[in-house]
Amino acid sequence: MSALVVDVVMSGLGEMATQAALPGAPASGPQMDLLHLFWGSGLVVRLVLFTLVGFSVGCWGIALAKSREMRRAQKQTAKFIDIFWEAKNLGTIQAASVDLKDSPVAQVFRAGYQELQRMTKSKRASAEDEAEVEFGGVENVQRAMQRVRIQELTRLERGLTFLATTSSTAPFIGLFGTVWGIMTAFMGLSTTTSSSIQAVAPGIAEALIATAVGLAAAIPAVVMYNRFARQLRVLIAEVDTFASEFLNIAERHFLKK
């Protein structure tokens, strides 16, 4: 008799498992609706979500603008370097650099060339000041190029701070929204007659979406920041290499005694 009962129970469990595994079997619980979770959350959690969405939109906007800016800078820098080594005189290079305003190397060259021109004119105008001009010649050109280098670096870094801030703060902002939502959900148990997990499950689900949105904003920001930071390092390395080469040429041919 007991064996028969066991067989009946096991047969019933097998049928239940088969029905649950069928593709067309109806779901036993409510489906997750992100919009419902968003609008069903409390005021604080909703403000957190709006803040994170704003961070995310800002990051993608900066990423699009910065991608175009870096692409132009890299393309124009490569073009200018080819012109610099192929041209026969600095005047030709100066004329070509006018149209390459997005290249940091071209702008550094313009600063050095203009300073070199001023020094050459002063040298020709006064033979008595020749020794003094030559003594501070290379340093003057180097300072002029360094000043423009810093300006170009600042221009290319614009927007990267926002990406870094988003990548480091968005997860914590989302976590704050989650903690607040869970706290509110558990406080709501005092006004209900049930203390089961079903009573707080909707509130917890609505709160957890804040962490998900925070990670969704932070992860792309980290990737984009690392990408642009690497491109910036490459450009600055090209600027420094070119500046050293230009100073050597200027000292050899224009500032020699």
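Residues: numbered from 1 along the sequence shown. Remember, predicted model here, so these are calculated numbers, not experimental data.
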Task: Whichever hydrophobic residues join Val179 through chains of side-chain contacts under 4.5 Å - done: Leu175
Task: Separation of Asn226 CG from Ser167 OG (nearest 0.5 Å) - done: 8.0 Å
Open item on the list: Applying a strict under-4.5 Å side-chain criterion to I, L, V, M, F, W and Y, I'd like to know whether Leu153 and Leu156 cluster together.
Closed with: yes
Task: Close aromatic pair by centroid cut-off 6.0 Å: Phe162 and Phe55 - done: yes
Task: Partner set under salt bridge (Lys or Arg N to Asp or Glu O under 4.0 Å) for Arg110, not counting sequence neighbours - done: none
Task: Arg155/Glu69 salt bridge by N-O under 4.0 Å criterion - done: yes
Open item on the list: Can you classify the ring geometry of Phe80 versus Phe242 as parallel (below 30°), tilted (30 to 60°) or perpendicular (above 60°)?
Closed with: perpendicular
TODO: Any salt bridge (Lys or Arg N to Asp or Glu O under 4.0 Å) involving residues 230-240? Give me the pairs, sequence neighbours left out, ordered by first then second residue.
DONE: Arg149-Asp240
- [ ] Could you note down all residue pairs passing ring-ring contact (aromatic ring centres under 6.0 Å, His included) where residues 211-241 supplies at least one of them, sequence neighbours left out?
- [x] none
Open item on the list: A side-chain contact here means heavy atoms from C-beta on lying under 4.5 Å apart; do Gln151 and Pro104 qualify?
Closed with: no
Open item on the list: Distance check, rounded to the nearest 0.5 Å: Ile173 atom CD1 versus Thr211 atom OG1?
Closed with: 11.5 Å
- [ ] Verify, without hydrogens or angle tests, whether Ser103 (side chain) and Leu100 (backbone) share a donor-acceptor contact under 3.5 angstrom.
- [x] no
Open item on the list: Please determine whether residues Leu52 and Trp60 belong to a single hydrophobic cluster, defined as Ile, Leu, Val, Met, Phe, Trp and Tyr linked transitively by side-chain heavy-atom distances below 4.5 Å.
Closed with: yes
- [ ] Sort and list the pairs that fulfil ring-ring contact (aromatic ring centres under 6.0 Å, His included) and have at least one residue in residues 85-108, not counting sequence neighbours.
- [x] none
Task: For Val48 against Gly174, the heavy-atom pair lying closest together - done: CG1-CA, 4.3 Å
Task: Separation between CD of Gln74 and CZ of Arg72, rounded to the nearest 0.5 Å - done: 11.5 Å
Open item on the list: Working to the nearest 0.5 angstrom, can you tell me the gap between Lys66 NZ and Leu232 CG?
Closed with: 8.0 Å
Task: Verify same cluster id: Leu163, Val222 (apolar side-chain graph, 4.5 Å) - done: no
Task: Side-chain heavy-atom pair Ile93, Leu90 within 4.5 angstrom cut-off - done: yes
Open item on the list: Side-chain heavy atoms nearer than 4.5 Å, only ILVMFWY residues, links allowed to pass through others: does that put Phe84 and Leu247 together?
Closed with: yes
Open item on the list: Taking the side chain as everything from C-beta on, heavy atoms only, tell me whether Gln94 gets closer than 4.5 Å to Ser97.
Closed with: yes
Task: Nonpolar side-chain network containing Phe172, other nodes, edges under 4.5 Å - done: none
Task: Flag side-chain contact, heavy atom, 4.5 Å: Asn140 against Arg143 - done: yes
- [ ] Could you tell me whether the side chain of Val239 reaches within less than 4.5 Å of the side chain of Glu152, counting heavy atoms only?
- [x] no
Task: Gln76 side chain to Asp102 backbone, donor-acceptor under 3.5 Å - done: yes
Open item on the list: Membership question, hydrophobic clusters at under 4.5 Å side-chain separation (ILVMFWY): are Ile249 and Ile81 in the same one?
Closed with: yes
